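Written below as structure tokens is the structure these notes are about.
Starting from 1, each residue takes its place in the sequence as its number. The structure displayed is predicted, hence computed values, not measured ones.
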Amino acid sequence: MAQFIKIYNEKPNEAAIKKVVDVLKNGGLIIYPTDTVYGVGCDITNTKALEKVAKLKGIKLEKANLSFICYDLSHISDYVKQIDTSTFKLLKRAFPGPYTFILPGGNDLPKVFKNKKTVGIRIPDNTIIREIVKELGNPIISTSIHDDDDIIEYATDPELIFEKWQNKVDLVIDGGYGDNIPSTIIDLSQGEPEIVREGKGSLDIL
């Protein structure tokens, strides 16, 4: 059964953050809060853990459209091709915030993503998950647990999330009630911004 840890977004407890990072380093899956819906993720450098996430979603890892959660923009040059100034300025305006940007994949992607032409980059406005990523030292993979067939509560109430997922993941973070509106997805891989999904993030940044 998964561990269930309460962490406060205003001032995340250092020991609790370290506990979560230990789970990630050992190949565990975690459910965590973001500035939108709760997500499930793992360390992007751990192939076995990545396969577990793909299995949870019922998809092949090579075909999975998973986002990378980064601490800040300094991480992204490791995973995306060099971006121009206007793209960088747009990312700076949007992050941290409820957006996922699809960008051209770089050469240093983890092995399992080598053939990926694009990657989704996310820097949520949520201290808990960003502190976890910072402590881990590299991004975590992310996919939302928001399921259109689900009772909406399942995506927002940490206790109900734990009830449902406790036998499928290793740790669930209670970071307070989540949102039930996912991030806005903007594709920047072809140059001109293309709205893939309008979610919580305002389009005024474009």
Measure across N9 and I128 and return the closest heavy-atom pair with its distance rounded to 0.1 Å. OD1-N, 3.3 Å
Closer than 3.5 angstrom, by distance alone: can the side chain of K52 be matched with the main-chain N or O of G27 as a donor-acceptor pair? yes
Got W165 and L29 here, is their nearest side-chain heavy-atom distance under 4.5 Å? no
hydrophobic_cluster_shared for L61 and V119, side chain cutoff 4.5 Å: yes
Hydrophobic cluster identity match, Y38 and V20, side-chain contacts under 4.5 Å: no
Considering all heavy atoms of both residues, which atom of G39 and which atom of I145 are nearest to each other, and what is their separation? C-CG2, 4.2 Å
For the atom pair OG1 (T45) and CD1 (I140), what is the distance rounded to the nearest 0.5 Å? 11.5 Å
Evaluate the side chain to side chain contact (heavy atoms under 4.5 Å, CB included) criterion for residues I59 and N65: first the C-alpha distance (whole Å), next the side-chain angles of each, then the deciding distance (0.1 Å), finally the verdict. CA-CA 9 Å; I59 45 179; N65 288 322; over 6 Å; no
Per side chain to side chain contact (heavy atoms under 4.5 Å, CB included), Y99 is matched among S202, S183, P124 by S202
May I have the step-by-step check of ring-ring contact (aromatic ring centres under 6.0 Å, His included) for Y79 and F113, ending in yes or no? CA-CA 10 Å; Y79 308 105; F113 299 119; 9.4 Å; no
Path from L109 to I76 over hydrophobic side-chain contacts below 4.5 Å: yes
Hydrophobic clustering (ILVMFWY, side-chain heavy atoms < 4.5 Å, transitive) - are V53 and V172 grouped together? yes
Considering all heavy atoms, the nearest I205-A94 contact: CD1-CB, 3.7 Å
Evaluation steps, side chain to side chain contact (heavy atoms under 4.5 Å, CB included), between D179 and D35: CA-CA 7 Å; D179 208 319; D35 48 359; over 6 Å; no
How close do T184 and G201 get, counting heavy atoms only, and between which atoms? OG1-O, 2.8 Å
Do other residues, nucleotides or ligands put more than 12 heavy atoms under 6.0 Å from K6 NZ? yes
Correct closest heavy-atom pair for D43 and P139 would be OD1-O, 4.3 Å
Between R122 and G97, is there a donor-acceptor pair closer than 3.5 Å when you use the side chain of the first and the backbone of the second? yes
Shortest non-hydrogen contact from T100 toward G120: CG2-CA, 4.1 Å
Cationic N near anionic O, under 4.0 Å, E51 to K55: no
Side-chain donor or acceptor of K18 paired with backbone N/O of E135 under 3.5 Å: no
Do any N or O atoms from the side chain of K81 and from the backbone of L103 form a donor-acceptor pair under 3.5 angstrom? no
Checking I121 against F95 for the side chain to side chain contact (heavy atoms under 4.5 Å, CB included) test, could you report, in this order, the C-alpha distance in whole Å, the side-chain angles of both residues, the deciding distance, and whether it holds? CA-CA 10 Å; I121 297 290; F95 287 142; 4.3 Å; yes
Can you confirm whether more than 12 heavy atoms, excluding those of N115, are under 6.0 Å from its CG atom? no
Greater than 12 external heavy atoms within 6.0 Å of N107's CG: no
Determine, using the 4.5 Å side-chain heavy-atom cutoff (strictly less than), whether V37 and L171 are members of one ILVMFWY cluster. no
Side chains of K200 and T36: do they bring a donor and an acceptor to under 3.5 Å? no
